[in-house]
Amino acid sequence: MELAQVQACDGMTVTDSALLLASAQQKKILRIEKVGGKSDVFADDGGSPRAITADGTHAYWLNDAGEVRSRVLDRTAPPTVLVSGQHSP
C-alpha cells in the first residue's frame with residue numbers, strides 16, 4: 001500500500017520504527033516505516049478503526065464495532081480483541 005492510497009486518517013501514532021495510521025474508510029491500520037518509507041497493512045480491522053496508540057510492544061486501537069484491539073508491533077501474532085460490546089469508541 002502506498003501512502004498516496006490512504007483515503008483518510010482517523011488516528012495515528014508513532015513507534016520506534018514506524019508511523020501507524022488508522023483508516024476507518026479502508027478498515028485497516030496502515031504502517032509506514034520511518035526509514036525508507038515502505039508502507040503496508042499492519043492490521044485488517046474489519047470494524048473501522050477510529051483511534052490508535054502504542055507502547056513499546058503493542059499497538060492498541062478502538063473501532064466502530066465497539067471493540068478495543070491490540071497487536072504486537074513486530075507482528076508475530078494476529079490482532080487480538082481485548083474488549084467488545086462497547087457502545088461507542
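The structure presented is a predicted model; accordingly, all values stated were derived computationally and were not measured. The figures here come from the full heavy-atom set of this structure, side chains too, leaving out hydrogens, waters and symmetry mates.
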| said: I'd like to check Asp64 versus Arg50 (side-chain heavy atoms, cut-off strictly below 4.5 Å). Are they in contact? | reply: yes
Separation between CG (Leu62) and CZ (Arg69), nearest 0.5 Å, reads 11.5 Å
So CE of Met12 and OG1 of Thr53: to nearest 0.5 Å the spacing works out to 12.5 Å
Here the pair of heavy atoms bringing Ala22 nearest to Pro49 is CB-CB, 3.9 Å
Within the 4.5 Å heavy-atom criterion, are Ser17 and Lys34 side-chain neighbours or not? no
### Query
Are the side chains of Leu19 and Arg31 in touch, meaning some heavy atoms are under 4.5 Å apart?
no
The side-chain hydrogen bond (donor to acceptor under 3.5 Å, both in side chains) partners of Asp44 (sequence neighbours excluded) come to Lys28
All heavy atoms of Cys9 vs all of Leu21, minimum pair found to be SG-CD2, 3.7 Å
On a heavy-atom basis, the closest approach of Ala54 and Thr15 is CB-CG2, 3.9 Å
In terms of heavy-atom contacts, Arg75 and Val41 come closest through NH1-O, 3.7 Å
Output for pair (Asn63 CG, Ser48 OG), nearest 0.5 Å, gives 7.5 Å
Thr76 meets the side chain to side chain contact (heavy atoms under 4.5 Å, CB included) criterion, sequence neighbours left out, with Val72, Asp74
Grouping ILVMFWY residues whenever side-chain heavy atoms fall under 4.5 Å, the cluster of Ile52 otherwise contains Leu20, Ile29, Phe42, Trp61, Leu73
Legend entry - Joint cluster assignment, Val14 & Ile32, ILVMFWY side-chain distance < 4.5 Å: yes
